[in-house]
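Single-structure report; data block below.
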Amino acid sequence: MTEVLKIDSLHKHFGNLHVLRGVDLKVAAGQTVVIIGGSGSGKSTLLRCVNFLELPTGGSISLNGQLVGEERKDANGKTKMVYRESDLVPIRARVGMVFQQFNLFPHMTALGNVMCGLTTVLRQGEADARRAALAKLERVGLAEKANEYPSRLSGGQQQRVAIARALAMQPEIMLFDEATSALDPELVGEVLLTMRSLRDEGVTMMIVTHELGFAFNVADHIVLLHEGRIHEQGTPQQLLLNPEMQKTREFIQSHHLFALPSGQNL
(Lines give C-alpha, C1' and ligand atoms only; values in the text may rest on other atoms or scores of the structure.)
Protein backbone atom coordinates (compact mmCIF):
# COMPACT_ATOMS: atom_id res chain seq x y z
CA MET A 1 0.00 0.00 0.00
CA THR A 2 1.05 3.60 -0.63
CA GLU A 3 2.85 5.13 2.34
CA VAL A 4 1.21 8.47 3.18
CA LEU A 5 3.17 9.30 6.33
CA LYS A 6 6.60 8.21 7.51
CA ILE A 7 8.01 9.30 10.86
CA ASP A 8 11.69 8.54 11.47
CA SER A 9 13.30 8.79 14.92
CA LEU A 10 11.18 11.78 15.91
CA HIS A 11 12.30 13.78 18.94
CA LYS A 12 10.75 16.82 20.55
CA HIS A 13 12.19 18.88 23.40
CA PHE A 14 10.50 21.73 25.23
CA GLY A 15 13.54 23.21 26.94
CA ASN A 16 14.87 20.47 29.21
CA LEU A 17 11.68 18.41 28.84
CA HIS A 18 12.21 15.55 26.38
CA VAL A 19 8.65 14.72 25.27
CA LEU A 20 9.17 12.52 22.20
CA ARG A 21 12.12 10.14 22.32
CA GLY A 22 12.67 8.59 18.93
CA VAL A 23 9.26 7.69 17.49
CA ASP A 24 9.19 5.61 14.29
CA LEU A 25 5.82 5.15 12.62
CA LYS A 26 4.33 4.63 9.15
CA VAL A 27 0.76 5.20 8.01
CA ALA A 28 -0.45 3.71 4.73
CA ALA A 29 -3.15 5.13 2.47
CA GLY A 30 -6.61 4.33 3.82
CA GLN A 31 -5.24 3.15 7.17
CA THR A 32 -6.59 4.22 10.55
CA VAL A 33 -3.87 4.38 13.20
CA VAL A 34 -4.99 5.04 16.78
CA ILE A 35 -2.59 6.46 19.38
CA ILE A 36 -3.32 5.70 23.04
CA GLY A 37 -1.41 6.27 26.24
CA GLY A 38 -1.48 8.00 29.59
CA SER A 39 -1.41 11.71 30.25
CA GLY A 40 1.97 13.18 29.36
CA SER A 41 2.98 10.27 27.11
CA GLY A 42 3.41 12.57 24.09
CA LYS A 43 0.27 11.74 22.09
CA SER A 44 -0.84 15.29 21.31
CA THR A 45 2.73 16.45 20.75
CA LEU A 46 3.17 13.70 18.17
CA LEU A 47 0.13 14.91 16.20
CA ARG A 48 1.20 18.54 16.47
CA CYS A 49 4.62 17.63 15.08
CA VAL A 50 3.02 15.78 12.15
CA ASN A 51 1.06 18.95 11.35
CA PHE A 52 4.12 21.12 12.15
CA LEU A 53 2.26 23.17 14.72
CA GLU A 54 5.29 22.11 16.75
CA LEU A 55 8.64 21.80 15.02
CA PRO A 56 10.47 18.51 15.63
CA THR A 57 13.75 18.77 17.51
CA GLY A 58 15.22 15.72 15.80
CA GLY A 59 14.33 13.08 13.26
CA SER A 60 12.25 13.58 10.13
CA ILE A 61 8.74 13.42 8.72
CA SER A 62 7.85 12.53 5.12
CA LEU A 63 4.46 13.08 3.50
CA ASN A 64 3.70 10.91 0.48
CA GLY A 65 7.41 10.36 -0.06
CA GLN A 66 8.31 14.05 0.28
CA LEU A 67 10.73 14.85 3.09
CA VAL A 68 9.46 17.91 4.95
CA GLY A 69 12.18 20.47 5.64
CA GLU A 70 15.76 20.75 4.47
CA GLU A 71 18.66 18.66 5.69
CA ARG A 72 21.67 20.70 6.85
CA LYS A 73 24.91 20.00 8.71
CA ASP A 74 25.49 21.80 11.97
CA ALA A 75 28.87 22.97 13.30
CA ASN A 76 29.61 19.47 14.60
CA GLY A 77 28.84 17.83 11.25
CA LYS A 78 25.53 16.42 12.48
CA THR A 79 22.59 16.41 10.10
CA LYS A 80 19.53 18.32 11.25
CA MET A 81 16.29 19.40 9.63
CA VAL A 82 15.61 23.08 9.04
CA TYR A 83 12.04 24.27 8.53
CA ARG A 84 10.96 27.47 6.79
CA GLU A 85 7.49 28.79 7.57
CA SER A 86 6.87 29.46 3.88
CA ASP A 87 7.40 25.73 3.19
CA LEU A 88 5.20 24.61 6.10
CA VAL A 89 2.07 26.52 5.11
CA PRO A 90 1.30 24.25 2.11
CA ILE A 91 2.24 21.17 4.17
CA ARG A 92 -0.32 22.10 6.83
CA ALA A 93 -2.95 22.39 4.10
CA ARG A 94 -2.23 18.76 3.18
CA VAL A 95 -2.69 17.53 6.77
CA GLY A 96 -6.16 18.00 8.27
CA MET A 97 -6.35 18.57 12.02
CA VAL A 98 -9.33 18.30 14.36
CA PHE A 99 -8.66 19.51 17.90
CA GLN A 100 -10.23 18.92 21.32
CA GLN A 101 -11.77 22.38 21.14
CA PHE A 102 -13.71 23.13 18.00
CA ASN A 103 -11.94 26.42 17.15
CA LEU A 104 -14.80 27.64 14.96
CA PHE A 105 -15.07 31.33 14.09
CA PRO A 106 -18.09 32.54 16.13
CA HIS A 107 -18.94 35.32 13.67
CA MET A 108 -19.23 32.88 10.74
CA THR A 109 -21.99 30.40 9.97
CA ALA A 110 -21.22 26.69 9.70
CA LEU A 111 -20.96 27.17 5.94
CA GLY A 112 -18.66 30.16 6.33
CA ASN A 113 -16.37 28.22 8.65
CA VAL A 114 -16.02 25.39 6.13
CA MET A 115 -15.56 27.79 3.21
CA CYS A 116 -12.88 29.86 4.95
CA GLY A 117 -9.86 27.70 4.12
CA LEU A 118 -11.07 27.11 0.59
CA THR A 119 -11.18 30.81 -0.23
CA THR A 120 -8.19 32.06 1.79
CA VAL A 121 -5.72 29.17 1.46
CA LEU A 122 -6.74 27.35 -1.72
CA ARG A 123 -7.93 30.59 -3.40
CA GLN A 124 -11.11 29.03 -4.70
CA GLY A 125 -13.85 31.26 -6.06
CA GLU A 126 -16.90 31.93 -3.91
CA ALA A 127 -19.27 29.71 -5.89
CA ASP A 128 -16.88 26.74 -6.04
CA ALA A 129 -16.02 27.06 -2.36
CA ARG A 130 -19.69 27.20 -1.43
CA ARG A 131 -20.49 24.02 -3.39
CA ALA A 132 -17.54 22.16 -1.88
CA ALA A 133 -18.36 23.33 1.65
CA LEU A 134 -22.01 22.32 1.36
CA ALA A 135 -20.93 18.88 0.13
CA LYS A 136 -18.69 18.43 3.17
CA LEU A 137 -21.42 19.57 5.56
CA GLU A 138 -23.73 17.04 3.97
CA ARG A 139 -21.04 14.40 4.38
CA VAL A 140 -21.04 14.94 8.16
CA GLY A 141 -24.84 15.12 8.32
CA LEU A 142 -25.19 18.88 8.83
CA ALA A 143 -26.38 20.26 5.49
CA GLU A 144 -29.50 21.65 7.17
CA LYS A 145 -27.33 23.60 9.66
CA ALA A 146 -25.29 25.41 7.00
CA ASN A 147 -26.62 28.86 7.93
CA GLU A 148 -26.46 28.42 11.70
CA TYR A 149 -23.82 30.12 13.83
CA PRO A 150 -21.70 28.03 16.24
CA SER A 151 -23.56 29.41 19.27
CA ARG A 152 -26.74 27.76 17.97
CA LEU A 153 -25.10 24.35 17.48
CA SER A 154 -24.49 21.62 20.05
CA GLY A 155 -20.94 20.65 20.89
CA GLY A 156 -21.22 17.53 18.76
CA GLN A 157 -22.49 19.55 15.83
CA GLN A 158 -19.70 22.08 16.22
CA GLN A 159 -17.13 19.30 16.18
CA ARG A 160 -18.68 17.85 13.03
CA VAL A 161 -18.44 21.29 11.40
CA ALA A 162 -14.75 21.29 12.37
CA ILE A 163 -14.37 17.88 10.72
CA ALA A 164 -16.10 19.16 7.58
CA ARG A 165 -13.77 22.18 7.55
CA ALA A 166 -10.70 19.94 7.68
CA LEU A 167 -12.10 17.58 5.03
CA ALA A 168 -12.86 20.48 2.68
CA MET A 169 -9.12 21.05 2.20
CA GLN A 170 -8.89 17.51 0.75
CA PRO A 171 -6.03 16.53 3.06
CA GLU A 172 -3.84 13.52 2.47
CA ILE A 173 -4.23 12.49 6.12
CA MET A 174 -6.61 13.52 8.89
CA LEU A 175 -5.41 13.96 12.49
CA PHE A 176 -7.85 13.82 15.42
CA ASP A 177 -6.58 14.97 18.82
CA GLU A 178 -9.03 13.75 21.48
CA ALA A 179 -11.89 15.00 19.30
CA THR A 180 -14.56 13.95 21.83
CA SER A 181 -12.92 14.90 25.13
CA ALA A 182 -14.63 18.32 25.34
CA LEU A 183 -18.10 16.91 24.65
CA ASP A 184 -20.87 15.96 27.03
CA PRO A 185 -21.21 12.15 27.16
CA GLU A 186 -24.49 12.12 25.21
CA LEU A 187 -22.85 13.94 22.28
CA VAL A 188 -19.76 11.73 21.96
CA GLY A 189 -21.45 9.07 19.85
CA GLU A 190 -22.40 11.33 16.94
CA VAL A 191 -18.79 12.45 16.48
CA LEU A 192 -17.43 8.91 16.78
CA LEU A 193 -19.95 7.71 14.19
CA THR A 194 -18.79 10.47 11.82
CA MET A 195 -15.18 9.41 12.30
CA ARG A 196 -16.12 5.79 11.75
CA SER A 197 -17.87 6.67 8.47
CA LEU A 198 -14.66 8.36 7.31
CA ARG A 199 -12.78 5.14 8.09
CA ASP A 200 -15.32 3.19 6.06
CA GLU A 201 -14.79 5.59 3.14
CA GLY A 202 -11.04 4.98 3.21
CA VAL A 203 -9.87 8.30 4.66
CA THR A 204 -6.32 8.00 6.03
CA MET A 205 -6.38 8.91 9.73
CA MET A 206 -4.29 9.19 12.89
CA ILE A 207 -6.50 9.37 15.95
CA VAL A 208 -5.54 10.16 19.54
CA THR A 209 -8.37 8.97 21.76
CA HIS A 210 -9.22 7.63 25.20
CA GLU A 211 -12.25 5.79 23.77
CA LEU A 212 -10.77 2.30 23.72
CA GLY A 213 -13.98 0.61 22.62
CA PHE A 214 -14.08 2.93 19.62
CA ALA A 215 -10.40 2.22 18.94
CA PHE A 216 -11.09 -1.53 18.97
CA ASN A 217 -13.82 -1.14 16.36
CA VAL A 218 -12.17 1.30 13.93
CA ALA A 219 -8.39 0.96 14.14
CA ASP A 220 -6.25 -1.00 11.72
CA HIS A 221 -3.25 -0.44 13.98
CA ILE A 222 -2.96 0.78 17.59
CA VAL A 223 0.11 2.37 19.14
CA LEU A 224 0.65 2.76 22.89
CA LEU A 225 2.92 5.68 23.75
CA HIS A 226 4.68 5.67 27.10
CA GLU A 227 7.16 8.35 28.18
CA GLY A 228 7.57 9.57 24.61
CA ARG A 229 8.33 6.17 23.08
CA ILE A 230 6.28 3.54 21.31
CA HIS A 231 5.93 0.99 24.08
CA GLU A 232 3.81 -1.54 22.17
CA GLN A 233 1.89 -1.63 18.90
CA GLY A 234 -0.24 -4.05 16.93
CA THR A 235 -3.75 -4.81 15.73
CA PRO A 236 -6.67 -4.02 18.07
CA GLN A 237 -6.99 -7.72 18.88
CA GLN A 238 -3.30 -7.98 19.72
CA LEU A 239 -2.88 -4.79 21.70
CA LEU A 240 -6.20 -4.49 23.52
CA LEU A 241 -7.03 -8.16 24.08
CA ASN A 242 -3.62 -9.84 24.25
CA PRO A 243 -0.97 -7.22 25.13
CA GLU A 244 2.56 -8.48 25.65
CA MET A 245 3.92 -5.65 27.81
CA GLN A 246 3.05 -5.18 31.48
CA LYS A 247 2.64 -1.40 31.07
CA THR A 248 0.10 -1.99 28.30
CA ARG A 249 -1.86 -4.42 30.47
CA GLU A 250 -1.85 -1.93 33.35
CA PHE A 251 -3.03 0.89 31.09
CA ILE A 252 -5.94 -1.15 29.72
CA GLN A 253 -6.94 -2.52 33.12
CA SER A 254 -7.00 0.97 34.63
CA HIS A 255 -9.10 2.37 31.84
CA HIS A 256 -12.56 2.42 33.32
CA LEU A 257 -14.29 3.09 29.99
CA PHE A 258 -13.02 -0.05 28.30
CA ALA A 259 -15.12 -3.20 28.10
CA LEU A 260 -14.39 -6.32 26.10
CA PRO A 261 -16.24 -6.33 22.77
CA SER A 262 -19.60 -8.09 22.96
CA GLY A 263 -20.42 -8.07 19.27
CA GLN A 264 -22.19 -4.73 19.55
CA ASN A 265 -20.30 -2.13 17.55
CA LEU A 266 -20.32 1.60 18.15
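The basis for the numbers below is simple: all heavy atoms, side chains too, and nothing from hydrogens, waters or symmetry mates. When a residue number appears, it is its place in the shown sequence, counting from 1.
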| With a 4.0 Å cut-off, would you call E85 and R92 a salt bridge? | yes

Closest approach of [X] and [Y], non-hydrogen atoms and distance?
X	Y	value
G42	L20	O-CD2, 3.5 Å
H11	H18	ND1-NE2, 2.9 Å
M81	G59	CG-O, 3.4 Å
Q233	I230	NE2-CG2, 3.8 Å
D74	K80	CB-CD, 4.3 Å
D24	S9	OD1-N, 2.6 Å

| said: Using the rule given for side chain to side chain contact (heavy atoms under 4.5 Å, CB included), can you reason through T180 versus E211, listing the C-alpha separation, both sets of side-chain angles and the distance that settles it, and then say yes or no? | reply: CA-CA 9 Å; T180 61; E211 303 281 353; 3.9 Å; yes

| request: Applying side chain to side chain contact (heavy atoms under 4.5 Å, CB included), run through M205 and I173 and close with a yes or a no. | output: CA-CA 6 Å; M205 298 190 288; I173 185 170; 5.8 Å; no

[X] side-chain N/O to [Y] backbone N/O, donor-acceptor pair under 3.5 Å:
X	Y	answer
S62	G65	no
N103	F99	no
K43	G37	yes

Report yes if some heavy atom in the side chain of [X] is under 4.5 Å from a heavy atom in the side chain of [Y]; otherwise report no.
X	Y	result
M169	V121	yes
L67	S60	yes
I7	L46	yes
P171	V95	no
L47	F176	no
R160	E190	yes
V161	F102	no
F52	I61	yes

| field | Member of R94, E3, E172, K6 meeting the side chain to side chain donor-acceptor pair (under 3.5 Å) criterion with N64 | value | E172

| message | Both conditions, 6.0 Å and 45 degrees, for the charged tip of K12 above the ring of F14: are they met here? | response | yes

| message | Parallel, tilted or perpendicular: which one describes the rings of H231 and H226, with boundaries at 30° and 60°? | response | perpendicular

| note | Only residue of L240, V223, L225 satisfying side chain to side chain contact (heavy atoms under 4.5 Å, CB included) with I36 is L240

Checking side-chain polar atoms at under 3.5 Å, does [X] have a donor or acceptor matched by the opposite partner on [Y]?
X	Y	result
T248	E232	yes
Q31	H221	no
Q246	R249	yes
N147	T109	no

Which value, rounded to the nearest 0.5 Å, describes the distance between [X] atom [atom1] and [Y] atom [atom2]?
X	Y	atom1	atom2	answer
E54	T45	CD	OG1	6.5 Å
I207	R199	CD1	CZ	9.0 Å
R48	L55	CZ	CG	11.0 Å
Q124	L118	CD	CG	4.5 Å

Could you tell me whether [X] atom [atom1] has more than 12 heavy atoms of other residues or ligands within 6.0 Å of it?
X	atom1	result
Q101	CD	no
Q170	CD	no
E250	CD	yes
E244	CD	no
R130	CZ	no
E186	CD	yes

| task | Tell me, with the steps shown, if M174 and M97 meet side chain to side chain contact (heavy atoms under 4.5 Å, CB included). | result | CA-CA 6 Å; M174 286 280 289; M97 186 89 171; over 6 Å; no

